[in-house]
Amino acid sequence: MSLRAALRFALLGQLVLLSRATVIDPAALDACPGYRAKNVFTFGPKLTADLVLAGKACNVFGPDIEQLKLEVTYETTDRIHVKITDPSDARYEVPASVLPRPHADLLVSPHSASIRFNYTTSPFSFSVYRASTHEVLFSTASHPIIFEPQYLRVKTDLPANANIYGLGEHTDTFRSPTNNYTRTMWSRDAYGVPTGTNLYGNHPIYYEHRTSGTHGVFLVNSNGMDIKINDTEGSGTSLEYNVIGGVLDFYFLSGSETDPTEVARQYAEVVGVPAEVPYWSFGLHQCRFGYQNFVDVANVITNYSAASIPLETMWTDIDYMYKRRIFTVDPDYFPLSRMREIVDYLHTHNQHFVLMTDPAVAYLPGQGYGPFDRGTSADIWLKAANGSSPFLGAVWPGVTVFPDWFNAKTQDYWTNEFKMFYSPDTGLDIDGAWIDMNEPSSFCNYPCTDPFEQAREQDLPPARTTLPPDPNTPIFGNAALSKRVDHSHDDVQNPPYAIANFAGSGALSDKTAYTDALHANGLIEYDTHNLYGTMMSTATHNAMLARRPGQRTLVITRSTFAGAGTRVGKWLGDNFSQWDHLRQSISGILGMAGVYHVPMVGADICGYAENTTETLCARWAMVGAFYPFMRNHNADTSISQEFYRWPTVAQAARNALDIRYRLLDYIYTAFHQAHTDGTPVLNPLWYKFPKDANTFGIDTQFFFGDAILVSPVLEENATSVNAYFPDEAFYDFHDLSRTYVKGGGFVQLNDINLTTIPVAIKGGAVLPLRASGAMTTTELRKTDFEIVIAPALDGTASGALYFDDGVSITPATKTTVSFAFKHQTLTVKGTFGHPLGVNVARVRFLDVQSAPRSVKVNGKTVEKSAIAHDAQAGVLDVTLNTPFTRGFTVEYQ
Ligand SMILES: *[C@@H]1O[C@H](CO)[C@@H](O)[C@H](O)[C@H]1NC(C)=O
Ligand SMILES: *[C@@H]1O[C@H](CO)[C@@H](O)[C@H](O)[C@H]1NC(C)=O
Ligand SMILES: *[C@@H]1O[C@H](CO)[C@@H](O)[C@H](O)[C@H]1NC(C)=O
Ligand SMILES: *[C@@H]1O[C@H](CO)[C@@H](O)[C@H](O)[C@H]1NC(C)=O
Ligand SMILES: *[C@@H]1O[C@H](CO)[C@@H](O)[C@H](O)[C@H]1NC(C)=O
Ligand SMILES: *[C@@H]1O[C@H](CO)[C@@H](O)[C@H](O)[C@H]1NC(C)=O
Ligand SMILES: *[C@@H]1O[C@H](CO)[C@@H](O)[C@H](O)[C@H]1NC(C)=O
Ligand SMILES: *[C@@H]1O[C@H](CO)[C@@H](O)[C@H](O)[C@H]1NC(C)=O
Ligand SMILES: CC(=O)N[C@H]1CO[C@H](CO)[C@@H](O)[C@@H]1O
């Protein structure tokens, strides 16, 4: 959550911004000399070369580096690693401690690779093409590479109107705009700003889709950058990286010619598969900024239960803190003993509790504030440029220091603070952690020469008058780099190329830690800024793990970098209660869950800032039931928006939660699959219909899992939606009726009242659904299954179910079930290591036009009384009521 006053500054920033971002003439860059390749060696899967400046330096934003090193490695048959570095200088690279790289010991021959690297020597340019078709996927031809101390440029030509997805975090359409467009990567506490500006996190990966296939390009670089995508002339799109540091470190992923999700699995091989989260975390979460005291918090819990809306997890924002200092409770408003009562109450009712923790620690020397004192004696704060005192910012509690996640002692500090404050015995026994403000955000405007003054001006809790003690000299260096990066000749505050940072005045250090702030291992924020949130995520994940060893954690963060999903989930930040923010949330969750592998994601339901309305909140409650992470949250000055506040919203929430809970094991299974191999848990339509160009731009509908098509109403006052149905059978989730549009087409769905959301099952799916009505996920796990078979046009269907204890990282026992349907026979097979403990109540076959002559279960004809055929809906129900402890078959004739 952002400071209300921050809005004022953000708007000021907007006026100043455009003057700061660098505008360059593309023709001038193309006139640069580029490089010539020398000493090209190829041996097996590796190619190396020296790149020598090929003419008079153009020195656009600093001196061109004379000689570079090129290294190309075929790491798998589907992945090529291309790295261009300066051999004479230790330039910054994303440390492997933050983003571990895949092992590439099974090197492959270029001849067996599905994509290949090609190059020209003079001038040097390179391309990557698909081996089967020779189609060029990436090419720098006619766009010389520029490599300067603080400016790197690589540009590729792409087809006209290219379908590009990714390069988040962003608020644009899911398919990237291609016309005169700049995407900026620089983590920022973004509040109330227009679309198209830099946001909280950074994922420099894109997938490009063509009807001939889908591939991916990942630039491993955490420095600030502008990525320009331009199809102004309409003749072809260009994509240009303008990066202000680091090295060129690309992974090219071949994807596949037929299945777009293949590229997601290949990307997971590079950045890691998403973490599994606890079963309970798929339940409904309630939060707000502005709960006044513990009585308020308790009342929300009882009011949910009185309204029969299943509340799984209660959250509390920074309100609970004493003067907004982390690891404290306000003794008058949120006394520890009463908060412990609330946590106990939740736990005895199989419900859960989450609290917010920010990174910034109140700077309170000599005042007995333990978290500050312990961090000071451990000497783990991020340092000012001179390395001798902590870097100071101004955040919620006033003047603050920031933990330095690169300091090897910071994890112990953080783990210990979590252990003490969140102790089950003496503190608050949280079930999940919520981390915010980790861009890192500072309210101090640039130049932040006097954070004390700025804290006073911004009414942040009391300004301190005592001077900071000299901190101890750092006692170790985390050897992320062999040589310290030499930035002595660089202007790290105002680099010659100014990325289009939207924060405050646009200066890189505005509203955050200074770019010259120094880490324990010698790295500076100029290089590592975009990693801060992700490193805090790792430390928090580890601290939570230390509290409950062996158990999955739920950590929800605001700022992320590539790879964050291996440890944490994320919410989309401080949105507004506006219809377009409801719409944007779909593109946002598709990016996180479908491209970046941060699948535990959701937007603040009903909107964070401003006042929601009954209709917006009703529609949003229903869309939110299909976010993997479903949380209602709002701001302190907004009207209350718990779902029970309006009868319509309460009913909408009950209806949508009913669908969500029935599908909970289905989405849990999808998460397990994602954790296993990186298969996305949410899918844009084109992932499933890659040849249908109508689907490429659709981001108002999506697949929850791979078979539940959600087509919500997203316009104010609308009661209909023009939904696209690709060329396949679909079945309405509510009445199971079938829709088929030959070749695919739009269908206007009418009379969608405020408590209904259109949801359809894609033909080809077998769904293990739970019974409805559970008020907690614990209760849900005790309800029976019904198996729904929705045949594809070819008459077949398949599905899966994964089940375990729901909390262990490595469960002792697991159940894995597969469902296959063909020739009017459902075959269920599995290993039932973890007892489901419930029955299969019935099996429901869809698209059965006439009553069957007979139905057999495990080859034995069943009694007529166990069969019901609804000719109108085309549904055949077979009642089983047998324990779900082994496989079985059901066939009809
Ligand atoms: C490789 O590059 C050369 C030089 O541009 C070009 O002539 C050749 O066609 C390329 N090969 C493929 C398979 O694209
Ligand atoms: C490109 O966008 C910039 C900034 O939004 C604008 O000033 C410029 O006129 C646009 N140029 C073209 C060719 O559309
Ligand atoms: C896109 O190309 C046009 C025409 O060359 C140019 O004027 C504009 O500045 C470019 N936009 C960006 C964002 O680079
Ligand atoms: C809970 O419900 C009661 C009765 O409707 C209402 O007076 C109260 O304001 C509600 N409190 C909260 C925190 O929701
Ligand atoms: C180091 O820099 C900080 C912040 O600019 C400053 O407050 C401090 O006095 C400096 N310390 C020394 C020893 O120069
Ligand atoms: C929201 O509603 C409250 C209470 O009616 C009002 O005080 C506040 O100004 C409203 N906020 C906005 C942004 O309209
Ligand atoms: C929806 O209806 C309300 C009340 O008639 C009106 O004020 C509002 O402008 C309408 N919104 C849209 C987007 O048409
Ligand atoms: C809303 O529509 C659903 C589905 O058509 C229907 O079951 C329900 O009764 C309607 N609700 C109201 C309040 O009209
Ligand atoms: C500035 C900001 O945080 N915008 C967010 C508002 O919410 C939408 C989803 O509702 C996000 O996509 C935006 O990033």
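In each ligand, atom 1 is the first atom listed, and ligand 1 is the first ligand listed.
Within the 3.5 Å criterion, the main-chain N or O of F282 finds a donor-acceptor partner in the side chain of R660. In terms of modelled atom types and a separation under 3.5 Å, the side chain of N293 and the main chain of F334 share no donor-acceptor contact. In terms of modelled atom types and a separation under 3.5 Å, the side chain of E439 and the main chain of N530 share no donor-acceptor contact. For T237 (side chain) and P159 (main-chain N/O), a donor-acceptor pair under 3.5 Å exists by modelled atom type. Distance alone, capped at 3.5 Å, is enough to place a donor-acceptor pair between the R116 side chain and the H111 backbone.
What sits closest to atom 9 (O) of ligand 4 on the protein, heavy atoms only, is R645 NH1, 4.3 Å. In terms of protein heavy-atom proximity, atom 12 (C) of ligand 4 is closest to N303 ND2, 3.1 Å. Considering only non-hydrogen protein atoms, atom 13 (C) of ligand 1 sits nearest to Y129 CZ, 3.4 Å. The nearest heavy-atom contact from the protein to atom 1 (C) of ligand 9 is A190 O, 3.6 Å. Ranking protein heavy atoms by distance to atom 14 (O) of ligand 4, first place goes to Y644 OH, 2.6 Å. Nearest protein neighbour of atom 10 (O) of ligand 9, counting heavy atoms only, is H581 O, 2.7 Å. Nearest non-hydrogen protein atom to atom 2 (O) of ligand 1 is N118 ND2, 2.3 Å.
The residue among T171, I605, N575 with a heavy atom at the shortest distance from atom 8 (C) of ligand 9 is N575. Of all the listed residues (Y191, W620, Y627, Y200), Y200 holds the heavy atom that lies closest to atom 3 (O) of ligand 9. The closest non-hydrogen atom to atom 11 (C) of ligand 9, taken over V623, L572, D580, comes from L572.
Inside a 4.0 Å radius of atom 5 (O) of ligand 4 there is not any protein heavy atom.
Heavy-atom distances between A603 and ligand 9 reach below 4.0 Å in at least one pair.
Near H134, meaning under 4.0 Å from any of its heavy atoms, are these atoms of ligand 1: 13 (C). Near D296, the atoms of ligand 4 lying under 4.0 angstrom from a non-hydrogen atom of the residue are 13 (C). Here is the list of ligand 4 atoms found below 4.0 Å of a heavy atom in V300: 13 (C). Listed by number with element, the atoms of ligand 1 under 4.0 angstrom from any heavy atom of T120 are 4 (C), 5 (O).
Around atom OH of Y345, more than 12 heavy atoms belonging to other residues, nucleotides or ligands sit under 6.0 Å away.
W571 and Y200 form no side-chain donor-acceptor contact under 3.5 Å, judged by distance and modelled atom types alone.
The only option from E257, H215, R130 that meets the side-chain contact (heavy atoms from CB on, under 4.5 Å) definition with R210 turns out to be H215.
The shortest side-chain heavy-atom distance between H81 and V72 does not fall under the 4.5 Å cut-off. Residues R619 and W579 meet the side-chain proximity criterion, which asks for heavy atoms closer than 4.5 Å.
The shortest N or O to N or O distance between H170 and ligand 9 is not under 3.5 Å.
One finds a salt bridge joining D574 and R558 here, because a Lys/Arg side-chain nitrogen approaches an Asp/Glu carboxylate oxygen to under 4.0 Å.
If you look at L199 next to ligand 9, the close heavy atoms, those under 4.0 Å, all belong to the side chain.
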